[in-house]
Amino acid sequence: MLTMLQGLGRTALDFFQRLGRGHLLLLQILSGSHTLLPRFGLVIKQVFSVGVLSLLIILVSGLFVGMVLGLQGYNTLVDFGAEESLGVVVSLSLVRELGPVVSALLFAGRAGSALTAEIGLMKATEQLSAMEMMAVDPVRRVLAPRFWAGVISMPLLAAIFSAVGVIGGYFVGVGLLGVDDGAYWSQMQANVDLYKDILNGVIKSFVFGIVVTWIAIFEGNDAVPTSEGVSRATTRTVVHSSLAVLGLDFILTALMFGS
Amino acid sequence: MTDNNSLLEPPLVKIRNLSFSRGAHKIFDGINLDIQRGKVTAIMGPSGTGKTTLLRLIGGQLHPDAGTVEVDGQSVPKLGHSKLYQLRKRMGMLFQNGALLTDINVFDNVAFPLREHTRLSPRLIRTLVLMKLEAVGLRGARDLMPSELSGGMSRRVALARAVVMDPMIMMYDEPFTGQDPISMGVLVRLIRSLNDALGLSSIIVSHDIQETAAIADYIYLLSGGKVVAEGTTEDLYASESEWAQQFLQGEPDGPVPFHYPARDFTEDMLDLPAGGAN
Amino acid sequence: MTSRMTEIWVGIFVAAGMAALFMLAMQVSNLNTYSNADGFDVIARFEDASGLKVRSPVTMAGVRIGRVKDIRFDDKTFEAIVTLRLGKGHTSLPEDTSASIYTAGLLGEKYVGLEAGAGSNHCEDLALEAELDGSTFNPADCKSNGASNVLHNGSVITLTQSSMVLEKLIGQFVSKFLSESNVEKKK
């Protein structure tokens, strides 16, 4: 019983320690970021490996999610004779929820795990240590560019996901199922609000971008420097950032669309 | 301290009463070390005595629990972020496995510190990098990626990278481990010749006696968190210390026991209850 | 990958992301219908404007010609005062135009439908006449003719029909049904 309590206490302490370390790292990254401005090329290079390389999976998934929404939405709406509202259903679900959330989950799986593995391996092979000894701060040189690349890429990826999804819904709804072309777009335009829906969606994906990239970088930097430690850290990145995205999504939705 | 060469100059690195522990395990227990300018100093000892930890303490990557670490008159643990990084620009360190950046090629690896710290023209950087690569005999390998290099080659590239900023002090972390005799010989010669040609001070952490003894001017033997012997190579071979003799001769048993602490062998085999309980 | 290719790809990526955001803003959202700067306001009073929202469409003959700009409550008459912002091209609507609140589809949103009054199809009459006579119809004629009694900024639409509230309809239906069955019982 006592050992169980001890174990519980130790787990709690470990948790808080990691939480503290994570926030300290974020603070270090943010406070060291001003050194990036004259060397924005570093960020651009990372936008390539974080954003551009995630583009394919985002495009394909967005298209299919939009097509499924078109099909499902049509089948439900046609019962009420409201299939003209298909555009609204597709675009609102994409812009408000599926765009930011699904692309953040894909991002965590594609780019987040890659970031953790890369940083973890750099740590395991002493590359980060070597940089420190070469008087190059790895937080500024390695972590900060990756962080900002993730923060920049995520909203763009989410927007691409949503846009492709709307087109996918259009293909199925208008192309295959015969919903009126004009109704699809006009209903959409009449019911999707720029600020309430689209801007909030962008804010969501921005927050997700910060959280997923932060978790990925922290796990990589905090990984036990062995191959086993790196693989564990990679798994943790995907699990933790997916949970964080879904949990935060609820909170953000409640804040944005609650009243 | 054997003050055999009463120096006019203060030592480059001065370590006093240094203590450091990791968890409950005490790695250093009040050690004193001096690294003299222009000399090759070796720090030797069996695996697990924290030789690498010592280098990290000198480089400011770890903080001591007690005691002082002074490099060129500056107390390393007390330096702020920018002061510490200024000091590190004058330090070079060769990591055990080279620690080359794996996503860029040999040339860019050696050029990395120059590009990070200076605003030299690409032309000048090229000249400097090729000079250093020539010194380690790998000018022809400049376009290879680190994954295409053998262990010895990547260590030589890392060496070129470490000296490209012309540091005042070079630290070698187990430079001879896992090398074939040829690349071992190359490294031994390089370390000595770089030290003399560039006017460096070198610290070698190693447990390869022959190679280290061949180039070291002064040797510290560490064990159990303490300095157990020190002196020039001849001093050590002549030393009375049982421990030093065991280490230098490579005898399996002695002050450093062959066996990991365990209960009596016969007792263990018969699986007799050790403490009476159960 | 050379750094040039990297930069090009990042450029394409950022441009695609921006284009997607732009598409969402322009094509998907109601941004392009936000700008209600152009046009003029007319006022309609409704007994019941339930379900109507600011920016609900205002249509005529099924074509959107404006949007609801404002909905207020009048303390004196207990009516809803709805301000309609009509596009600036629609300056020839007759004064006796009526406004009704309709529902798009069974569950759709409410919108305001405008219908021109019966005696004011001035242009149509002129056009028809011209066709019968074989003479040419000049649209400018009808404009100038009808200029005195068209809707302009600040006009009030007097003929209105309130929105249909489902509960009210059901209530009416039930009470009618009940009274009918009462009548049948009496027989």
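Just so it is clear: chains get the letters A, B, ... in the order the sequence lines come, proteins before strands, and each one is counted from 1.
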Can you name the closest pair of heavy atoms from [X] and [Y] and give their distance?
| X | Y | result |
| --- | --- | --- |
| A:D137 | B:H81 | OD2-NE2, 2.8 Å |
| A:E126 | B:N97 | OE1-OD1, 3.6 Å |
| B:R56 | A:S129 | NH1-OG, 2.8 Å |
| B:L101 | A:M131 | CD2-CE, 3.6 Å |
| B:K89 | A:A135 | CG-CB, 3.5 Å |

Nearest 0.5 Å, what's the CZ-CZ distance between A:R141 and B:F112?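 Nearest 0.5 Å value for the CZ-CZ distance: 4.0 Å.
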
Approximate separation, where rounding is to 0.5 Å, of B:T102 OG1 and A:E118 CD: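 That separation rounds to 7.5 Å.
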
Is the backbone of A:E132 close enough, under 3.5 Å, to the side chain of B:Q61 for a donor and an acceptor to pair up by distance? no

Could you walk me through whether B:D103 and A:M122 satisfy the side-chain contact (heavy atoms from CB on, under 4.5 Å) test, starting with their C-alpha distance in whole Å, then the side-chain angles of each, then the deciding distance to 0.1 Å, before giving a yes or no? CA-CA 10 Å; B:D103 57 338; A:M122 286 181 87; 5.6 Å; no

Can you check whether anything in residues 122-135 of chain B gets within less than 4.5 Å of chain A, heavy-atom wise, and list it by number?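 Interface residues of residues 122-135 of chain B: none, nothing closer than 4.5 Å to chain A.
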
Please walk me through it: do B:R88 and A:V136 pass side-chain contact (heavy atoms from CB on, under 4.5 Å)? CA-CA 9 Å; B:R88 280 182 187 161; A:V136 177; over 6 Å; no

How about [atom1] on [X], more than 12 heavy atoms from neighbouring residues, nucleotides or ligands closer than 6.0 Å, or not?
| X | atom1 | value |
| --- | --- | --- |
| A:F206 | CZ | no |
| B:R142 | CZ | yes |
| A:R232 | CZ | no |

Under 4.5 Å from a heavy atom of chain A, the part of [X] involved:
| X | answer |
| --- | --- |
| B:L84 | neither |
| B:R90 | neither |
| B:M93 | side chain |
| B:M171 | side chain |

Hey, mind stepping through A:M134 and B:E116 against side-chain contact (heavy atoms from CB on, under 4.5 Å) and telling me if it holds? CA-CA 9 Å; A:M134 286 187 275; B:E116 289 293 319; over 6 Å; no

